[in-house]
**Student:** 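Quick one: structure below, then a few questions.
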Amino acid sequence: MSTETPEAALSARVRRPSVTDVARLAGVSVGTVSNVLNRPDRVATATRDRVLAAIEDLGFVRNASARQLRSGEITTIGAVVLDIANPFFTEIARGIEDRLAEDDLTLMLASSDEDPEREARYLRLFAEHGVRGVLATPSHGSIDALLALREKGIPVVLLDHTSPVPELGSVAVDDVSGGGLAISHLLDLGHQRIGFVNGPLTLRQCVDRRDGAVQALIERGLDPAESLVEVSVDNLNADAGDAATRRLLAREDRPTAIFCVNDLTALGSLRALREGGVAVPDDIAVVGYDDVSFASMLSTPLTSVRQPTHTLGWTAADILLRTGLDDVEQVTFTPELIVRGSSAT
Ligand code: RIB
């Protein structure tokens, strides 16, 4: 247990006590304080009593941090996504921006390029800039750097990613369901051998979409090892989708349909099919994921699993501003299949 006195915990601070002050005095994590405030049943009695004593000693008033968020001291929110060249993320960024504008706040936006070191560098820059909070699409399995930010008193909400821990807010789409929608649609059209252009399994989104695809095949009594021809790509962009599709076309057991993990890879796939003289959907059907703005504008409009991109961004920013460090909200949206000419005539 921490021996620090309430006065010492606040000595260097001339401001309202925060969750971090309470955590330090009680000798627990910020997440534990958040649980005492919001889900006391999850906290052992002795720990809960220590935290409540620290709250009493410091005169902590809940929502103090959230109130600081609204106090006008700092006007910027940091957001690190995978790739701002991907329209999925720029449409999400617009949703974030529209919510921040309601509170006269601005957005500092960065791309991790799925590189954990680049992500960590931006998180450090956000902290140095003293941002009011951070929205992040994790570039890999670990969220330790994001939890560390929260420990420093910077609110964090995961974006396009479910939270593996109770103390981090999150906004995501049920990608397992989304992968199932894409494959079920192609199975309904009679396709039995389906190419799957998927990203790195260090990305939760790619893991979940694959899980949904595999579940859909198994539910139809099909063997995924036979029916799903997977090609893994390192980057979730058009060139990667193009190269993966050329690998599928070179196979003797060429699939009759291709499910791409996002619309950018699907765009590249359509280019490779067009340059290969393959008719879409008559020779090979194509399904993407995101339903970004260009999907409906293509000469062969793209069938895609729609994510509510603007709503994802707006909701993540709203949760961050409303809850600060004191509360946690985890929201998962349901995707929708939008059928267009790339899969069905
Ligand atoms: O976030 C990982 C991927 O999921 C991105 O490429 C985006 O397109 C979304 O579908």
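All ligand and atom numbering here is 1-based and tracks the order in the structure.
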**Student:** Could you tell me, atom by atom, which parts of ligand 1 come under 4.0 Å of a heavy atom of Leu236?
**Tutor:**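 Those atoms are 2 (C), 3 (C), 6 (O).
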**Student:** If we only count heavy atoms from C-beta on, is the Leu37 to Val51 side-chain gap below 4.5 Å?
**Tutor:** no
**Student:** Give me the nearest non-hydrogen protein atom to atom 6 (O) of ligand 1 as residue plus atom name, then the distance to 0.1 Å.
**Tutor:**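 The closest heavy atom on the protein side is Asn262 ND2, 2.8 Å.
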**Student:** For atom 7 (C) of ligand 1, grab the closest protein heavy atom and report residue, atom and distance to one decimal in Å.
**Tutor:** Phe88 CD2, 3.3 Å
**Student:** Check the side chains of Gln205 and Asp160 for a donor-acceptor pair under 3.5 angstrom, ignoring hydrogens and angles.
**Tutor:** yes
**Student:** Indicate, as side chain, backbone, both or neither, the part of Glu114 found under 4.0 angstrom from ligand 1 when only non-hydrogen atoms are considered.
**Tutor:**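 Neither; nothing of Glu114 gets under 4.0 Å from ligand 1.
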**Student:** Whether the Asn35 and Thr32 side chains hold a donor-acceptor pair (N or O, under 3.5 Å, no angle test) is what I'd like checked.
**Tutor:**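 Note: Asn35 and Thr32 side chains miss the donor-acceptor criterion.
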**Student:** For atom 9 (C) of ligand 1, grab the closest protein heavy atom and report residue, atom and distance to one decimal in Å.
**Tutor:**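 The protein heavy atom lying closest is Asp290 OD1, 3.3 Å.
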**Student:** Examine the proximity of ligand 1 to Leu203 and report which part, side chain or backbone, both or neither, has a heavy atom under 4.0 Å away.
**Tutor:** neither
**Student:** Transitively linked via ILVMFWY side-chain contacts under 4.5 Å: Val229 with Ile284?
**Tutor:**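 Both belong to a single hydrophobic cluster.
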**Student:** Backbone, side chain, both or neither: what part of Leu82 comes under 4.0 angstrom of ligand 1, heavy atoms only?
**Tutor:** side chain
**Student:** I'd like to know if the side chain of Thr300 pairs up with that of Ser342 as donor and acceptor (distance under 3.5 Å, no hydrogens or angles considered).
**Tutor:**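 No.
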**Student:** Compute the minimum heavy-atom distance from Gln307 to ligand 1 and say whether it is under 4.0 Å.
**Tutor:**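 Yes; Gln307 lies near enough to ligand 1 that a heavy-atom distance drops under 4.0 Å.
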**Student:** Would you say Tyr289 and ligand 1 have an N/O pair spaced under 3.5 Å apart?
**Tutor:** no
**Student:** Just which atoms of ligand 1 are under 4.0 Å from any heavy atom in Asp160?
**Tutor:** 1 (O), 2 (C), 4 (O)
**Student:** Should the ring pair Phe259 and Phe196 be called parallel, tilted or perpendicular, given that the plane angle runs from 0 to 90° and is split at 30 and 60?
**Tutor:**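 Answer is parallel, since the angle falls under 30°.
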**Student:** Membership question, hydrophobic clusters at under 4.5 Å side-chain separation (ILVMFWY): are Leu325 and Leu168 in the same one?
**Tutor:**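 No; tracing contacts between hydrophobic side chains, which count when under 4.5 Å, never links both residues.
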**Student:** For atom 4 (O) of ligand 1, what is the nearest protein heavy atom, given as residue, atom name and distance?
**Tutor:**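 That would be Arg209 NH2, 3.1 Å.
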